[in-house]
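Have a look at the structure below before the remarks.
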Amino acid sequence: MQRLGWTIVIPVKTLIRAKTRLAAAAGPHREDLAVAVAADTVTAALSAEGVARVIVVTADPRPAAVLAGLGADVVPDPDVGLNAALRAGAASATGAVAALQADLPALRPRELTRVLAAAAEFDQSFLPDAADVGTVLYAARPGVAFRPGFGGESRARHLSGGAKELCLAGVDSVRRDVDTIEDLAAAAALGLGPHTAAVARLVLPG
C-alpha cells in the first residue's frame with residue numbers, strides 16, 4: 001500500500017450547536033465534552049503515520065484556541081454548510097486530503113494509519129460509520145477533485161458519487177463517532193482519549 005503525506009481536514013461546530021443530542025445526558029458539561037472529543041480526535045490524527053498536517057475548520061474561538069494549541073492549523077468556517085467547510089479547509093492543502101469527523105473520542109492513530117494507507121490506493125474513498133449509514137472519513141488522492149458529501153445518509157451519497165467504500169476490519173475506533181449517550185458508552189468500551197475520559201466521568205452512568 002502507498003503512504004502519502006495526508007492533510008486531514010476536521011470540521012468543528014460552534015459550541016452552541018455541538019452535541020445537542022447529548023444535551024440531556026451531559027447537562028452543563030456538554031460544551032466541555034464537545035471540546036474534549038475534538039481534542040482527542042485531533043491529537044490522534046496528528047499522531048497517525050502518514051499525516052503531514054491537520055486543518056481544523058471552525059467559527060468558534062474556544063475550540064480554535066484549544067486545537068491550535070495541540071498543533072492543528074485553524075481556518076475560519078464560512079458557515080454555509082458542512083461540506084463547504086470541508087472544502088474551505090481543503091483549499092489550503094496540498095497533496096492527498098481526507099475529511100475526518102471531529103467526534104471520534106476513541107480514535108487510535110494506528111487504526112487511522114491503516115485507513116489512510118488503504119485510501120491511498122483509490123482516487124476517492126470513504127469509511128462508513130459504525131451504523132453503516134453515515135461517513136466518518138472521505139479521502140481524495142493528489143490531483144483528484146475533493147468532493148465530500150457528508151450529512152444524513154452519506155454512505156449512499158459517497159457510493160453514488162463514485163468513491164470506493166473501504167471495508168476494513170479492526171478499525172472500530174475510526175468508525176465510532178459519537179452523537180448520543182449510547183455512542184459515548186460504546187466509545188468508552190473501546191477506550192476514550194484522555195480529554196474525553198476526564199469529562200465522560202461526569203456524564204456516563206456509573
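Scope of the values below: all heavy atoms of this structure, side chains included, with no hydrogens, waters or symmetry mates.
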Which residues satisfy the salt bridge (charged side-chain N to carboxylate O under 4.0 Å, His left out) test with [X], sequence neighbours excluded?
{"X": "D32", "value": "R62"}
{"X": "D183", "value": "R176"}
{"X": "D123", "value": "R141"}

Please check if the side chain of [X] supplies one atom and the backbone of [Y] the other of a donor-acceptor pair under 3.5 Å.
{"X": "T14", "Y": "A59", "result": "no"}
{"X": "T196", "Y": "L192", "result": "no"}
{"X": "R114", "Y": "A169", "result": "yes"}
{"X": "D40", "Y": "H195", "result": "yes"}
{"X": "R175", "Y": "D129", "result": "yes"}

Would a 4.5 Å heavy-atom cut-off, applied to side chains only, mark [X] and [Y] as touching?
{"X": "K19", "Y": "D103", "value": "yes"}
{"X": "L184", "Y": "V203", "value": "yes"}
{"X": "V9", "Y": "V97", "value": "yes"}
{"X": "L33", "Y": "L202", "value": "no"}
{"X": "E165", "Y": "P128", "value": "yes"}
{"X": "V56", "Y": "V75", "value": "no"}
{"X": "Q124", "Y": "V144", "value": "yes"}
{"X": "T43", "Y": "T41", "value": "no"}

What closest approach, in Å, do [X] and [Y] show between heavy atoms, and which atom pair accounts for it?
{"X": "A140", "Y": "W6", "result": "O-CZ3, 3.8 Å"}
{"X": "E111", "Y": "G170", "result": "CD-O, 3.3 Å"}
{"X": "L112", "Y": "A48", "result": "CD2-CB, 3.9 Å"}
{"X": "V12", "Y": "A38", "result": "CG2-CB, 4.3 Å"}
{"X": "L104", "Y": "S173", "result": "CB-O, 4.3 Å"}
{"X": "P76", "Y": "V57", "result": "O-CG1, 3.9 Å"}

State which residues pass side chain to side chain donor-acceptor pair (under 3.5 Å) with R53; sequence neighbours excluded, sorted by chain then number.
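Once residues adjacent in sequence are excluded, the partners of R53 under the side chain to side chain donor-acceptor pair (under 3.5 Å) criterion are D73.
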
T58: side chain to side chain donor-acceptor pair (under 3.5 Å) partners, not counting sequence neighbours:
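Not a single residue meets the side chain to side chain donor-acceptor pair (under 3.5 Å) criterion with T58.
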
When rounded to the nearest 0.5 angstrom, what distance separates [atom1] in [X] from [atom2] in [Y]?
{"X": "D179", "Y": "R21", "atom1": "CG", "atom2": "CZ", "answer": "5.0 Å"}
{"X": "K13", "Y": "L82", "atom1": "NZ", "atom2": "CG", "answer": "8.0 Å"}
{"X": "T7", "Y": "F146", "atom1": "OG1", "atom2": "CZ", "answer": "10.0 Å"}
{"X": "D60", "Y": "R17", "atom1": "CG", "atom2": "CZ", "answer": "10.0 Å"}

Could you list the donor-acceptor pairs under 3.5 angstrom formed by side chains in residues 157-164, with sequence neighbours left out?
| residue | atom | partner | partner atom | Å |
| --- | --- | --- | --- | --- |
| R157 | NH1 | G149 | O | 2.6 |
| R157 | NH1 | G151 | O | 2.6 |
| R157 | NH2 | G151 | O | 3.0 |
| H158 | ND1 | T135 | OG1 | 3.0 |
| H158 | ND1 | S154 | O | 3.1 |
| H158 | NE2 | G149 | N | 2.8 |
| S160 | OG | A156 | O | 3.3 |
| S160 | OG | R157 | O | 2.9 |

Count I, L, V, M, F, W, Y as connected when their side-chain heavy atoms are under 4.5 Å apart, and connections chain through other members. Are [X] and [Y] then in the same cluster?
{"X": "L100", "Y": "F150", "value": "no"}
{"X": "L168", "Y": "F126", "value": "no"}
{"X": "L22", "Y": "L204", "value": "yes"}
{"X": "L190", "Y": "V178", "value": "no"}

Under the side-chain contact (heavy atoms from CB on, under 4.5 Å) test against L166, which residue among L116, L127, V174 passes?
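The side-chain contact (heavy atoms from CB on, under 4.5 Å) with L166 is passed solely by L127 among L116, L127, V174.
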
So I10 and I55, side chain to side chain contact (heavy atoms under 4.5 Å, CB included) or not? Walk me through it.
CA-CA 6 Å; I10 299 177; I55 297 175; over 6 Å; no

Worked verdict on L86 versus Y138 for side chain to side chain contact (heavy atoms under 4.5 Å, CB included):
CA-CA 10 Å; L86 292 169; Y138 163 82; over 6 Å; no

Intermediate values then yes/no, side chain to side chain contact (heavy atoms under 4.5 Å, CB included), E31 and V35
CA-CA 6 Å; E31 292 189 1; V35 174; 5.7 Å; no

